[in-house]
Q: 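Shown below is the structure under consideration.
Everything numeric here is computed off the predicted structure, so don't read it as measured data. All residue numbers refer to positions in the sequence shown, counting from 1.
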Amino acid sequence: MKHILITGGAGFIGANFVNYFSEKYSEYHIINLDALTYAANQEHIKLDEEALDRYTFIEGNICDRKLLESLFKTYNIKGVLHFAAESHVDNSIKKPDVFIETNVKGTFNLIDVAYKYWMEKPFTFKEGYHDCKFLHVSTDEVYGTLGETGLFTEETPYAPNSPYSASKASSDMIIRSYHHTYGMNTVITNCSNNYGPFQHNEKLIPTIIRKALTGEAIPIYGDGLNVRDWLYVKDHCTGIDLAYHTGKLGEVYNIGGRNEQTNLYIVNKICEILDQKIPANESYKKLISFVEDRAGHDKRYAIDATKIETELGWQASENFDSGIIKTVNWYLKK
């Protein structure tokens with residue numbers, strides 16, 4: 001059985017991936033390393049008894065190099081899927097140092113430990129470690145902002161505009177350097193905005209649902225016309241799976257849902273769904289409240305997913321209308 005390390009596997013995307021990956025593959029033993037910060041929850045890992053036999057959870061931080069070294073030795077790690085990251089832009093504006101520590105230093109620790117465990121020297125793998133691979137999960141925010149037209153491609157120059165996106169851009173460059181300098185087997189994925197089950201309450205869609213159901217004002221930044229490309233989290237998981245198993249080494253793959261929507265459309269759509277499912281005395285839209293815009297708020301993100309679609313055969317299963325209903329239903333059940 002092959003032992004792989006998944007970092008941040010108790011977070012939103014990570015937990016969805018662990019559940020998906022464990023069900024699909026029986027040949028892997030998953031070691032899930034998560035610091036269990038405020039945004040993580042072990043209860044989101046839903047495995048049957050057979051899958052649990054192939055699963056080990058370790059509470060710990062990717063900034064702890066000695067811990068990483070011991071995990072690689074103890075479990076003979078031969079693959080890494082790196083999800084662990086601080087990810088909330090508002091938090092990065094308030095405490096950028098935390099983002100630099102985790103996203104930059106933590107990512108460096110992880111890839112450097114993997115390099116020293118898998119390889120004798122640059123471009124020379126140890127016997128039995130030639131197939132070891134490191135996949136780094138990143139974001140479209142590293143590309144900066146778009147105007148009214150155009151899409152982010154894998155060739156778009158990096159232009160991060162927040163401490164969060166700057167820290168992720170830095171981590172991407174670290175991974176890239178270990179492929180080109182040391183010959184490591186790396187793949188980077190950059191995704192658009194995810195939504196779906198297990199997302200933390202601080203994010204936009206859970207906030208809209210939570211505030212509506214409690215009758216509180218639903219805060220929307222600025223004029224609400226900032227545009228994001230929305231990707232259902234299960235579709236993101238299938239894209240990462242394909243990139244890890246069949247992606248070309250050293251390459252970057254953008255994973256997007258081709259579902260561009262303004263924040264104003266999102267909040268109105270969710271309110272309409274809630275009006276039908278749990279009608280109140282008046283429409284939940286009455287709760288929409290415009291608040292001071294976020295500092296440095298990027299206007300538009302949109303991903304061109306042609307590369308992963310054509311080269312790896314990936315395709316999103318959900319459009320926004322189907323995905324948002326599944327998401328609202330999950331939160332209502334929760």
Q: Testing the basics here: between Pro206 and Gln199, what is the closest heavy-atom pair and its distance to 0.1 Å?
A: CD-OE1, 3.7 Å

Q: Side chains of Arg258 and Thr306: any donor to acceptor distance under 3.5 Å?
A: yes

Q: Could you grab the distance from atom CD of Glu155 to atom OH of Tyr143, nearest 0.5 Å is fine?
A: 8.0 Å

Q: How far apart are the closest heavy atoms of Tyr244 and Lys78, and which atoms are they?
A: OH-O, 4.4 Å

Q: Mind checking what makes side-chain hydrogen bond (donor to acceptor under 3.5 Å, both in side chains) contact with Thr56, not counting sequence neighbours?
A: His29

Q: With a 3.5 Å distance limit and no angle check, can you tell me whether Thr189 reaches the backbone of Asn254 through a side-chain donor-acceptor pair?
A: no

Q: Can you check whether Trp118 reaches Cys132 side chain to side chain, under 4.5 Å on heavy atoms?
A: yes

Q: Establish whether Val104 and Leu135 are linked, either directly or via other cluster members, by ILVMFWY side-chain heavy-atom contacts under 4.5 Å.
A: no

Q: Can you give me the closest heavy-atom contact between Leu33 and Glu59, atom names plus distance?
A: CD1-C, 4.3 Å

Q: Side chains of Thr107 and His82: donor-acceptor distance under 3.5 Å anywhere?
A: yes

Q: Do you know which two heavy atoms are closest between Ala10 and Phe57, and how far apart they sit?
A: CB-CE1, 4.5 Å

Q: Return yes if some donor-acceptor pair links the side-chain N/O of Asn91 with the main-chain N/O of Ser87 below 3.5 Å, else return no.
A: no

Q: For the OH atom of Tyr284 and the CD1 atom of Ile278, what is their distance to the nearest 0.5 Å?
A: 5.5 Å

Q: Do any N or O atoms from the side chain of Asp241 and from the backbone of Cys237 form a donor-acceptor pair under 3.5 angstrom?
A: no

Q: Among pairs that include at least one residue of residues 81-92, which meet salt bridge (charged side-chain N to carboxylate O under 4.0 Å, His left out), considering only residues two or more places apart or in two chains?
A: Asp90-Arg294

Q: With rounding to the nearest 0.5 Å, note down the distance linking CG in Asn103 to NZ in Lys168.
A: 5.5 Å

Q: Verify the ring-centre separation between Phe123 and Tyr182: is it less than 6.0 angstrom?
A: no

Q: Distance-only, no hydrogens or angles: does the Thr74 side chain make a donor-acceptor pair with backbone N or O of Leu71 under 3.5 Å?
A: no

Q: I would like to know whether Asn32 and Ile58 meet side-chain contact (heavy atoms from CB on, under 4.5 Å); could you show each step before the answer?
A: CA-CA 6 Å; Asn32 180 3; Ile58 305 290; over 6 Å; no

Q: So which atom in Tyr164 and which in Ser92 form the shortest heavy-atom distance, rounded to 0.1 Å?
A: N-OG, 3.1 Å

Q: Just checking, is any N or O donor in the side chain of Asp172 or Asn190 under 3.5 Å from an acceptor N or O on the other one?
A: yes

Q: I want to check a possible cation-pi pair here: Lys248 against Tyr253, using under 6.0 Å from ring centre and within 45° of the ring axis as the test.
A: no

Q: Decide whether Asn193 and Tyr301 meet the rule of one side-chain donor and one side-chain acceptor closer than 3.5 Å.
A: no

Q: Tell me whether Lys234 forms a cation-pi arrangement with Tyr20, defined as NZ or CZ under 6.0 Å from the six-membered ring centre and within 45 degrees of its axis.
A: no

Q: Could you tell me whether Lys116 and Glu69 have a side-chain N and a carboxylate O separated by less than 4.0 Å?
A: no

Q: Does the plane of the ring in Tyr195 sit parallel, tilted or perpendicular to the ring in Tyr232? Use 30° and 60° as the thresholds.
A: perpendicular

Q: Could you pull out all residues at least two apart from Phe21 that satisfy ring pair (Phe, Tyr, Trp, His ring centres under 6.0 Å)?
A: Phe17, Tyr25, Tyr28, His245

Q: Would Asp321 and Lys269 count as a side-chain contact (heavy atoms from CB on, under 4.5 Å) if you check the C-alpha gap in whole Å, the side-chain angles of each, and the deciding distance to 0.1 Å?
A: CA-CA 9 Å; Asp321 287 342; Lys269 182 69 174 180; 3.5 Å; yes

Q: How about NZ on Lys73, more than 12 heavy atoms from neighbouring residues, nucleotides or ligands closer than 6.0 Å, or not?
A: no

Q: I need the Ser171 OG to Ile188 CD1 distance, nearest 0.5 Å.
A: 8.0 Å

Q: List the steps, then state whether side-chain contact (heavy atoms from CB on, under 4.5 Å) holds for Tyr331 with Leu213.
A: CA-CA 10 Å; Tyr331 278 98; Leu213 294 177; over 6 Å; no

Q: How are the rings of His44 and Phe198 set relative to one another: parallel (under 30°), tilted (30 to 60°) or perpendicular (over 60°)?
A: parallel

Q: Taking the side chain as C-beta and beyond, is there a heavy-atom pair between Lys211 and Leu287 under 4.5 Å?
A: no

Q: Report yes if some heavy atom in the side chain of Lys299 is under 4.5 Å from a heavy atom in the side chain of Leu225; otherwise report no.
A: yes

Q: So which atom in Glu141 and which in Val89 form the shortest heavy-atom distance, rounded to 0.1 Å?
A: OE1-CG2, 3.5 Å

Q: Should Glu216 and Arg210 count as an ion pair when the cut-off is N to O under 4.0 Å?
A: no

Q: In plain terms, say whether Arg228 and Asp298 are close enough for a salt bridge, that is, a side-chain N and a carboxylate O under 4.0 Å apart.
A: no

Q: When rounded to the nearest 0.5 angstrom, what distance separates CZ in Phe152 from CD1 in Ile303?
A: 8.0 Å

Q: For the residue pair Ser165 and Tyr158, establish whether any side-chain heavy-atom pair is separated by less than 4.5 Å.
A: no

Q: Please say yes or no: joined through hydrophobic side-chain contacts below 4.5 Å, possibly via intermediate residues, are Val137 and Ile4 part of one cluster?
A: yes

